[in-house]
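Below is one structure, written out as structure tokens, with a few remarks after it.
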Amino acid sequence: MSEREKAMHLLEVIDDEKMVYVVGILENLTGFANIPNEETVSAIAEGNDRLDAGTGQRFEGTTEDFFQRLLEE
């Protein structure tokens, strides 16, 4: 049995809850993890448009800092 055949067999027996991890590994191995989806591309474009128009704000810091700032507002 080839490695590909073994992998295909294992995919058939992995439950849906664990499949998310398998997909993540496969995306990283193939480079697809770095391709943003349409929603992400749209959100980045919207943010850039707001910055260009002077109506947006750029935040520099950690995610934890950002959420702390949101909670304080």
Least distance between heavy atoms, Pro36 atom then Val41 atom: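 Closest heavy-atom pair between Pro36 and Val41: CG-CG2, 3.9 Å.
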Over all atoms of both residues, closest heavy-atom pair of Ile35 and Gly31: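 Scanning both residues completely, I find the closest heavy atoms to be CG1-O, 4.2 Å.
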Tell me whether [X] at atom [atom1] has more than 12 heavy atoms from other residues, nucleotides or ligands lying less than 6.0 Å away.
X: Phe32; atom1: CZ; value: no
X: Glu73; atom1: CD; value: yes
X: Met19; atom1: CE; value: yes
X: Asp15; atom1: CG; value: yes

Check ion pair Glu72-Arg69 (N to O, under 4.0 angstrom):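 No, this pair does not count.
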Cluster overlap Met8 with Val13, hydrophobic side-chain contacts below 4.5 Å: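 Unlinked, Met8 and Val13 end up in two clusters.
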Val23 reachable from Leu11 in the ILVMFWY side-chain graph, under 4.5 Å edges: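 Cluster IDs for Leu11 and Val23 match.
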Short side-chain to backbone donor-acceptor contact, Thr30 and Leu26, under 3.5 Å: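 At least one qualifying donor-acceptor pair exists.
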Worked verdict on Tyr21 versus Ile14 for side-chain contact (heavy atoms from CB on, under 4.5 Å): CA-CA 10 Å; Tyr21 301 112; Ile14 294 174; over 6 Å; no
Spacing of CD belonging to Glu46 relative to CG belonging to Leu51, to within rounding of 0.5 Å: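 Glu46 CD to Leu51 CG: 11.0 Å, rounded to 0.5 Å.
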